[in-house]
Amino acid sequence: MRLFDLNEAQERAVRSIAGPLLILAGAGTGKTRVITSRVAFLIAQGFDPGCILALTFTNKAAGEMRERLARMVDKEDAKRVTMSTFHALCVRLLRQHIDKLGYKNNFSIYDDSEQTGLLKKIIVRTAAKDEKLDAQIAKAFISKAKNSGRAFAENEETLVAAVFNRYQRQLKSLNAVDFDDLLLLAVQLLKEHPEARAHWQKKYRQIMVDEFQDTNRLQLDLVSLLADGERNVCVVGDDDQSIYGWRGAEASNILDFERHFPNPAIVKLEQNYRSTNVILGAANKLIRNNPRRHPKNLWSAGGEGEKVRAVQMPDDREEAKFVVEEIQRRQTVEGVPWEEFAVLYRMNAQSRLLEENLRRLRIPYRLVGGKSFYDRREIKDFLAYAACLLNPDDDISLLRIIQATPRGIGESTLDRALEFSVRAKSSLFRALNEPAFLDALPSRTAGRIKDFMALLDAYETRAAAPLTVFSTVMTDLMLESGFLDDLKRSCATPEEALNRETNVKQMIESLSRYEQRGNGGLQGFLDEVSLDRSREEKEEPGAGVTLITLHAAKGLEFRHVALVGLEEGILPHDRSKLEGSLDEERRLFYVGITRAMRTLLLTYCRGRVKFGGAAPCHPSSFLKEIAGDFVEMVSYEKLMSAPVPQESVKSRFAQLRAAVAKM
DNA sequence: AATCGTCTGCTTTTT
DNA sequence: GCAGACGATT
């Protein structure tokens with residue numbers, strides 16, 4: 001019996017359901033299909049859907065998987081399978097059991113900017129006059145330590161180590177955790193509390209992990225702890241697509257899989273359903289240069305295809321112009337919709353010239369990445385209000401909402417309150433309610449604090465009441481606190497005011513929808529928001545040409561891909577040489593190449609504007625590595641002298657012939 | 001206390 | 001070339 005229309009290797013992966021399984025899934029080899037089929041197979045084999053756990057890195061991936069599964073099995077069964085990101089799973093674990101670690105179950109989750117803000121404060125308090133420490137550096141240090149399993153610094157000889165320990169103590173007293181803590185504390189919980197461990201081990205009897213090459217030490221620990229019974233662990237990944245080493249991902253997790261889970265079944269998926277053989281040939285040729293990898297050779301039944309073109313351009317302006325015109329040409333000649341084109345680059349700064357050219361030719365495009373809706377001031381304020389209602393000890397959020405609206409509580413008062421709270425070892429909220437503190441203030445100021453505290457207290461009570469409709473509570477709070485009025489007042493233009501107000505209303509509507517959807521309450525809503533910044537951001541069809549970084553393009557595919565700036569110093573990036581991560585840069589290029597379904601265009605410049613001034617450029621050393629039969633090198637001069645339309649007519653012909661040949 | 005101006009220093013950023 | 005940070009100026 002053939003299963004769900006799978007190839008032989010895919011089917012072997014799906015049918016292997018006892019003990020550890022390593023699926024090495026090259027780019028475009030139908031990895032998601034295998035995972036979802038395997039879940040369906042497990043259910044068909046009698047496994048309770050509730051005992052199946054599938055872990056991903058992004059909410060998008062989890063969502064896609066859920067959708068596909070819903071089409072394959074009974075809807076109710078599909079709903080009972082846990083498909084979640086690592087972080088979301090950890091939140092679930094911790095909301096239930098974090099009290100065992102000395103936090104309260106209503107803990108706040110701090111995002112990047114709140115984390116940085118807190119660190120800045122701690123650095124100011126900790127550093128001596130002549131000492132300097134950048135909050136970003138401290139953050140990186142702390143994140144690295146946590147991701148390798150260290151919850152504190154053993155000795156405080158360096159400033160950054162002292163800051164680390166203070167930061168961690170401070171978070172705990174704020175009843176708050178950062179992103180890394182979610183993993184760290186979940187692991188700690190399972191390690192130190194056998195009854196909690198037993199509970200979760202019993203719940204999840206079949207565990208699958210997507211993008212395993214991107215897991216870090218903590219994520220591996222988490223999986224090991226959860227699976228440490230029946231050891232039914234299936235990991236899927238591609239060591240050649242490991243591009244997040246700089247964020248703590250350990251490619252060794254997949255390379256040395258058998259060390260962590262002895263005697264695994266191993267399945268390699270090498271048949272690619274995405275690209276032409278020319279594109280795969282170039283990709284294979286490139287990646288062979290990496291040491292230490294599971295050897296793989298991607299192939300496709302989809303024919304040879306057009307050669308990869310590598311084009312030299314005089315400078316970055318010409319490059320952007322050429323790439324955009326090339327897209328327009330193909331769109332016109334072949335009638336390919338805009339959304340089947342993508343331009344990939346190493347760093348966001350490279351998007352500017354491309355955007356300019358696309359706008360010039362009135363070509364629709366979407367820029368992936370950039371600042372999020374959730375980074376807007378008014379949205380952060382709104383979320384801080386919500387966080388305060390649930391966790392009054394969250395000083396950072398409380399400070400934020402006190403300062404969001406001028407209410408006669410100034411900086412010096414807050415400084416004194418903070419100082420008081422530190423001495424009394426209590427939270428800011430408690431200090432502001434403390435008669436011993438209030439009595440020492442001018443009566444006007446004390447009165448204002450009392451008023452605000454009374455307001456908050458009333459709303460906290462409302463929020464804690466059973467059957468509360470949080471969207472109503474928040475609407476009232478936004479009005480009564482004066483937040484909305486002040487938001488309008490503080491805007492420079494009426495348009496801006498309207499815009500910001502609309503944003504807040506959108507949040508309230510979104511909360512209201514969330515409440516109608518389920519019973520996660522305000523806490524659940526906040527969790528979802530902090531763990532999924534792209535939620536509700538619909539991918540509207542007809543959005544146009546995609547501009548995207550190589551990192552963000554992983555997991556996506558486009559019919560026609562242009563990869564720009566293939567120069568030494570950009571790809572590979574200069575910094576990678578210092579850090580010894582040339583292999584990772586090569587993988588990044590590999591990821592870029594394998595996004596292309598039909599055509600791939602590579603460009604590099606002889607010179608470009610760098611940091612304001614002109615700088616000479618040299619072709620990326622990776623270009624030499626793929627040079628050969630798959631790649632056609634085109635010089636700018638040749639391009640200008642040979643009329644382009646001829647070329648396109650010829651390739652159109654070749655395509656038609658290939659299409660006919662297939663039929 | 002706020003705002004303007006100059007100095008600096010440059011990736012990638014799933015959660 | 002441009003954003004973000006910090007410091008001097010009103």
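For clarity, every value in this text was computed on a predicted model and none was experimentally measured. In what follows, chains are A, B, ... by sequence order, proteins preceding strands, each numbered from 1.
Base orientation for B:dT11: syn, the chi torsion being within 90° of 0.
Between A:Arg575 atom CZ and B:dT12 atom C1' there is a gap of 11 Å when expressed in whole angstrom units. Between the CG atom of A:Leu182 and the P atom of B:dT14 there is a distance of 16 Å, given to the nearest Å. Atom CG of A:Asp112 and atom C1' of B:dT13 are 8 Å apart (whole Å). The distance from atom CG of A:Asp316 to atom P of C:dC2 is 13 Å, rounded to the nearest whole Å. Atom CG of A:Leu218 and atom P of B:dT15 are 17 Å apart (whole Å). The OH-P distance, from A:Tyr244 to B:dT15, rounds to 9 Å in whole Å. Here C:dC2 presents its C1' atom at 14 Å from CE of A:Met347, a figure rounded to the nearest Å. The CD-C1' distance, from A:Gln136 to B:dC10, rounds to 13 Å in whole Å.
An OP1 or OP2 oxygen of B:dT14 is reached within less than 4.0 angstrom by no side-chain nitrogen or oxygen of A:Asn59. When the side-chain nitrogen and oxygen atoms of A:Thr549 are compared with OP1 and OP2 of B:dT11, none of them lie within a distance under 4.0 Å. Between A:Asn348 and B:dT11, a side-chain N or O to OP1/OP2 separation shorter than 4.0 Å is absent. Distances shorter than 4.0 Å separate none of the side-chain N or O atoms of A:Asn147 from OP1 or OP2 on B:dT15.
Residue A:Glu585 is in base contact, counting any heavy-atom pair closer than 4.0 Å across all strands shown. Among the atoms of the strands shown, base atoms are found under 4.0 Å from some heavy atom of A:Glu579.
Counting atom types as modelled, A:Arg247 pairs no side-chain N or O with a base atom of B:dT12 as donor and acceptor under 3.5 Å.
Taking the centre and axis of the six-membered ring of A:Phe382, the NZ or CZ atom of A:Arg377 falls outside the cone set by 45° and 6.0 Å.
For DNA chain B, none of the residues of residues 613-622 of chain A falls under the heavy-atom distance limit of 4.0 Å.
When ring centroids are compared, A:Tyr244 and A:His551 come within the 6.0 Å threshold. For A:Phe86 and A:Phe57, the ring centers are positioned less than 6.0 Å apart.
For the pair A:Trp246 and B:dT13, the ring geometry does not qualify as stacking, because the centroid separation below 5.5 Å and plane angle under 30° are not jointly satisfied. A distance cut-off of 5.5 Å between ring centres, combined with a plane angle under 30°, leaves A:His551 outside any stacking arrangement with the base of B:dT12.
Minimum atom distance to the side chain of A:Ala552 is reached by B:dT13, of the listed B:dT13, B:dT15, B:dT14. With B:dT15, C:dA5, B:dT11 as the choices, the nucleotide that has an atom nearest any side-chain atom of A:Arg346 turns out to be B:dT11.
With salt bridges taken as basic N to acidic carboxylate O contacts below 4.0 Å, none links A:Glu585 and A:Lys577. A salt bridge links A:Glu528 with A:Arg517: the distance from a Lys NZ or Arg NE/NH1/NH2 to an Asp or Glu carboxylate oxygen falls below 4.0 Å. A salt bridge does not link A:Asp238 to A:Arg587: none of the charged side-chain nitrogens sits closer than 4.0 Å to a carboxylate oxygen. Salt-bridge annotation for A:Arg68 and A:Glu64: absent, with no side-chain N of the basic residue lying under 4.0 Å from a carboxylate O of the acidic one.
Using C1' as the reference atom, B:dT11 and C:dC6 are 24 Å apart when rounded to the nearest Å. To the nearest whole angstrom, the two C1' atoms, one in B:dT12 and one in C:dA5, are 23 Å apart.
Listed for the A:Asn175 side chain is a donor-acceptor partner under 3.5 Å among the backbone atoms of A:Lys104.
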